Amino acid sequence: MSTDPLEWIDEELVRLEQQGLRRQRQLRSGPQAANCVWDGRQLINFGSNDYLGLANQQDVSAAVQSALPLVGWGSGASPLVTGRGDWHVQLEKKLAQLERTESALLFSTGYAANIGAIGALVGKGDVIFSDAKNHASIIDGCRLSQAQIKIYPHRNVAALATQLCSTREARRRLIVTDSLFSMDGDIAPLPELAELAEQHQAMLMVDEAHATGIFGERGSGLCEHFGVEKRVSIRIGTLSKALGSIGGFAVGSQNLIDWLANRARPYVFSTALPEATAAAAIRALQIVHEEPQRRFTLLAHAHELRQQLKSDGWDVGQSQSQIIPVIIGEPSATMRLMQQLLEKGFFVPGIRPPSVPDGESLLRISLRHDHTRQHTAPLVNALRELRT
Ligand SMILES: *Cc1c(COP(=O)(O)O)cnc(C)c1O
């Protein structure tokens, strides 16, 4: 009698189901927009990170089309071999300009950028200080690096200071944080973190994934908003959220970027992105520059929606951005509410562990620049009805 060595998976899946944690994959049809078709149903879309509507913007798509006849699609090799082309170089220049740094390095995703950068900066004998709510790609980067990891309570600068004081003997120290937290929409205390990093001569790494294109006068992110760009050793961003394309990047000094190009393993050992995607991102950056009203409208509308939800008694946490959590607590109650909203025509993803800590399951409302009150007023009403 033969037994299937994968049989244990059946039991594990049943366990996930019982805990309300089993995820089902859905089918989305058509492009990203304020409305979406989800498993064949027309819904108002509050689930996308395409905050500025660039994932399906005409000029961005056209940039891909005009690059294709010149460079084709695939890039054939790692950027260190023959994979790095003209559009990649142009995009790195534009990113360095936007972020007002000497240099930039493109990765295939933001996930890869975090893994690569952390692993290149610290290793055995070093210590990383990581916010308890940092994104999974930062967590994985910390683990892979083999450095000692100290998790500090979310946005708690005093606790971090204590940890820094107790690790003076370490070879190198790295403080790492999201700038805009991806599930709660709240903001890291960047000036205080910069202050601590300077006091303790620690490196400071800031992941701007959800803030790139949204915050700051030029739209470069929260480091710009707080005026701490020069005090942050390395900044990470993604091209796949507000910029509507694909890819991740690191920016900083020329030396830092040279080091990452030599030592960040996802850069060295992974094929470069198709050049046409770089052409798209360049066009998207231009739109961020030329049409700042996209981000201004978005942030103003987000402020209004948070106020409405709060006055209806919902817990929106400390959100200060286009990411608005409605904190429910238990995963099954959260998923039930998500399902009820679906039936009323709203797609608002329920977020459960391991994406959030136990007891902090939430509905994550993700606003787009082209959502109007015609989209959000019915959502507020629907939530109000479901509450009573
Ligand atoms: C989404 C996200 C990433 C990963 O970016 P991708 O380009 O989607 O791989 C990294 N960091 C944070 C904070 C994110 O929210």
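Just so you know, ligand 1 is whichever comes first in the structure, and atom 1 is the first atom listed for that ligand. As the structure is a computational prediction, the values presented were derived from the model and not from experiment.
- Per-residue contacts place Ser240 under 4.0 angstrom from the following atoms of ligand 1 (heavy atoms of the residue considered): 6 (P), 7 (O), 8 (O).
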Quiz item: For His135 and Ile139, what are the C-alpha separation, side-chain angles and deciding distance, and is it a side chain to side chain contact (heavy atoms under 4.5 Å, CB included)?
Solution: CA-CA 7 Å; His135 187 259; Ile139 297 171; over 6 Å; no
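- Ranking protein heavy atoms by distance to atom 13 (C) of ligand 1, first place goes to Asp207 OD2, 3.2 Å.
- Side-chain contact between Met203 and Ile175: absent, with no pair of heavy atoms (C-beta onward) separated by less than 4.5 Å.
- Closest heavy-atom contact between Ala280 and Ser245: CB-OG, 3.9 Å.
- Listed by atom number, the atoms of ligand 1 under 4.0 Å from Ser137 heavy atoms are 10 (C), 11 (N).
- Using a 4.5 Å cut-off between side-chain heavy atoms of Ile, Leu, Val, Met, Phe, Trp and Tyr, with links allowed through other members, Leu273 and Phe269 fall into different hydrophobic clusters.
- Criterion: ILVMFWY side-chain heavy atoms under 4.5 Å apart, direct or through other members. Under it, Phe46 and Leu180 are part of a common hydrophobic cluster.
- If you check which protein heavy atom lies closest to atom 1 (C) of ligand 1, you get Lys241 NZ, 1.4 Å.
- Against a heavy-atom cut-off of under 4.0 Å, His210 is close to the following atoms of ligand 1: 14 (C), 15 (O).
- Closest of all the heavy-atom pairs between Thr177 and Ile138 is C-CD1, 4.3 Å.
- The Asp178 neighbourhood of ligand 1 comprises atoms 13 (C), with distances under 4.0 Å to a heavy atom of that residue.
- Not a single heavy atom of Gly248 lies less than 4.0 angstrom from ligand 1.
- The atoms of ligand 1 that sit less than 4.0 Å from any heavy atom of Ser182 are 15 (O).
- In Asn114, the part holding a heavy atom less than 4.0 Å from any atom of ligand 1 is the side chain.
- With ligand atoms numbered from 1 in the order given, ligand 1 contributes 4 (C), 5 (O), 6 (P), 9 (O) to contacts under 4.0 Å with heavy atoms of Tyr111.
- Taking distance alone, with nitrogen or oxygen atoms compared against 3.5 Å, Gly110 approaches ligand 1 more closely than that limit.
- For Gln90 against Ile282, the heavy-atom pair with the smallest separation is CB-CD1, 3.7 Å.
- Between Tyr267 and Phe107, the ring-plane angle classifies as perpendicular under the 30° and 60° cut-offs.
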